[in-house]
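As C-alpha cells, the structure follows; a few thoughts come after it.
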Amino acid sequence: MPELAEVAFYAQKWSPGLGQKVSKVWIDAQSRVFRGADLGAFADLSACEFRSIQTHGKRMLFGFSKGVWLSGHLGMTGKLSTEDPELRPFAKHDRLIITLESVELIFNDARHFGRMEVVEEASDLPTFWSKLPHDVRSDLFDLVYFKAHLSRRPRANVKALLLEQSVCPGIGNWMADEILWRARIDPRRTVGSLNRSEPSKFYQALCEVVEDAMRVIAPDWGDAPDSWLFNQRWKNGGVCPRTQKALTRETIAGRTTCWSPAWQK
DNA sequence: CTATTTGTTTATCC
DNA sequence: AGGATAAACAAATA
C-alpha cells in the first residue's frame with residue numbers, strides 16, 4: 001500500500017522511541033522480510049540508542065548508536081507502530097519487535113513483501129543510502145534533472161517511467177495516476193510523444209502531487225480532498241473531478257490505471 | 001471459488 | 001538493449 005507520504009507517516013510512528021536504549025530484539029526468523037539479510041546482525045541492535053528516522057522514496061532508515069542502522073521497506077502491507085511493552089500482546093504478522101525503555105517498535109507485515117535489514121557502518125549515513133537517486137522531494141530533483149530522464153527514455157510509457165524507483169523514488173500507483181491526471185496526459189502515451197510544453201506540465205504536476213501528499217497524508221494520514229482523483233479512482237461509477245464525466249480503468253505498465261478520457265489527452 | 005490489491009524482482013520474449 | 005508482460009512472493013477482502 002504505502003507510497004512516499006504513507007511511508008513517511010509510518011516511519012514517524014517510531015519517533016516515540018527516539019533517545020531510548022534497545023533492551024531486546026525479536027525477529028520472525030522465517031519471514032521473507034529478512035531475505036538476503038544477516039539475521040545475526042539484529043542482535044547487534046541490543047544496547048544501542050535509537051537516534052534517527054529518515055525516509056527516501058519508499059525506503060526507511062533508522063539510525064542507532066555504535067554505527068548500527070536498520071534499513072526497511074514496507075512493501076504492500078507493511079506497517080510500523082509503537083506499543084506499550086506491558087500491554088500489547090504479540091500480534092499476527094508481527095515480523096520485528098525492538099523493545100526500548102518505555103515502548104516497543106513493531107514492524108508488522110501480512111504479505112512479507114516488505115524488507116528489514118541491519119547495516120553496520122560507522123559514518124553519518126550508510127554508503128548505499130548516500131548513493132540513492134534523487135528523492136522526488138529533493139531540490140536536486142529539478143526540471144532539468146527530470147527532463148534529462150525523459151530524453152533518455154523516449155520509448156518508455158509515461159506511467160511506467162513514473163513507477164520506476166530509480167527515476168521517481170517514492171511514486172507509486174495512486175500518485176502516478178494522480179500526476180498524469182493533473183498534467184492532463186493520457187497514461188497510454190510514451191515519453192517521446194510529449195510535445196514541447198508537456199514535460200514542464202508533467203514535472204509541475206509531479207511536484208504538486210508530492211507536496212499535497214506530504215502535506216495531507218504524511219503528518220496524520222488525513223483524508224484526500226475531493227478535488228483529487230484519489231477519491232474517485234476505485235469507486236464504481238467514479239467520475240473525473242474536473243469534467244464530472246466517467247473514468248476509465250485499464251492495466252497499464254502492469255498496474256490498474258484510472259484516468260479521465262475526456263480530460264487527459 | 002473468483003478476482004482484486006497504494007510493491008518489487010526475476011524470467012522471458014520481441 | 002530497452003521495453004512489455006507475466007509470474008512469483010502471500011494474505012486479506014469482497
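Convention: sequence-line order gives letters A, B, ...; per-chain numbering from 1.
Distance CG (Asn236(A)) to C1' (dA14(C)): 12 Å, rounded to an integer number of Å. Spacing between atom CZ of Arg153(A) and atom C1' of dA1(C) amounts to 11 Å, rounded to whole angstrom units. One atom, CZ of Arg111(A), and another, C1' of dT4(B), lie 10 Å apart when rounded to the nearest Å. Summarising the geometry, the separation between CZ on Arg115(A) and P on dA10(C) is reported as 13 Å, rounded to the nearest angstrom. What separates NZ of Lys159(A) from C1' of dT5(C) is a distance of 15 Å, to the nearest Å. Here the C1' atom of nucleotide dA4(C) and the CG atom of Leu161(A) are 14 Å apart, to the nearest Å. For the pair His149(A) NE2 and dG3(C) P, the interatomic distance rounds to 13 Å; values are reported in whole Å. The CG atom of Leu229(A) sits 13 Å away from the P atom of dT6(B) (whole-angstrom rounding).
Within the 4.0 angstrom heavy-atom criterion, only backbone atoms of the sugar-phosphate kind lie near Thr256(A); the bases stay farther away. Across all strands, Gly254(A) comes closer than 4.0 Å to no nucleic acid atom at all (heavy-atom distances).
Between Lys58(A) and dT6(B) there is no side-chain N or O to OP1 or OP2 distance below 4.0 Å. Phosphate contact (OP1/OP2 of dA11(C), side-chain N/O of His93(A), threshold under 4.0 Å): absent. Within the 4.0 Å cut-off from OP1 or OP2 of dA11(C), not a single side-chain nitrogen or oxygen of Lys92(A) is found. Close to dG7(B), at under 4.0 Å from its OP1 or OP2, lies no side-chain N or O of His73(A). Contact annotation: Arg255(A) side-chain N/O to dT6(B) OP1/OP2 distance is under 4.0 Å.
Pair assignment for dA7(C) gives dT9(B), based on Watson-Crick or G-U wobble hydrogen-bonding distances that are each under 3.5 Å.
Side-chain proximity of Gln165(A) to dT8(B), dA11(C), dT6(B): nearest is dT8(B). Of the candidate nucleotides dG3(C), dC9(C), dT6(B), dC9(C) has the atom lying nearest to any side-chain atom of Phe113(A). For Ala156(A), taking side-chain heavy atoms from C-beta onward, the closest of the listed nucleotides dT8(B), dG3(C), dT5(B) is dG3(C).
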Inset, instruction - Begin with the C-alpha distance, continue with both residues' side-chain angles, and end with the deciding distance and a verdict on side-chain contact (heavy atoms from CB on, under 4.5 Å) for Trp234(A) and Thr256(A). - result: CA-CA 10 Å; Trp234(A) 294 125; Thr256(A) 301; 3.4 Å; yes
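Put simply, the side chain of Glu250(A) never gets that close to the backbone of Arg188(A): no donor and acceptor are under 3.5 Å apart.
Note: Trp26(A) and Phe42(A) fail the aromatic proximity criterion, with ring centroids not under 6.0 Å apart. A distance of 6.0 Å or more separates the ring centres of Phe107(A) and Trp14(A). Ring centers of Trp69(A) and Phe62(A): at least 6.0 Å apart, outside the cut-off.
In this structure, His56(A) and Trp129(A) have perpendicular ring planes: the angle between them is above 60°, well past the 30° mark.
Atom P of dG3(C) sits at a distance of 23 Å from the matching atom of dT6(B), rounded to the whole Å. To the nearest whole angstrom, the two P atoms, one in dA3(B) and one in dA6(C), are 15 Å apart. To the nearest whole angstrom, the two P atoms, one in dT2(B) and one in dA7(C), are 16 Å apart.
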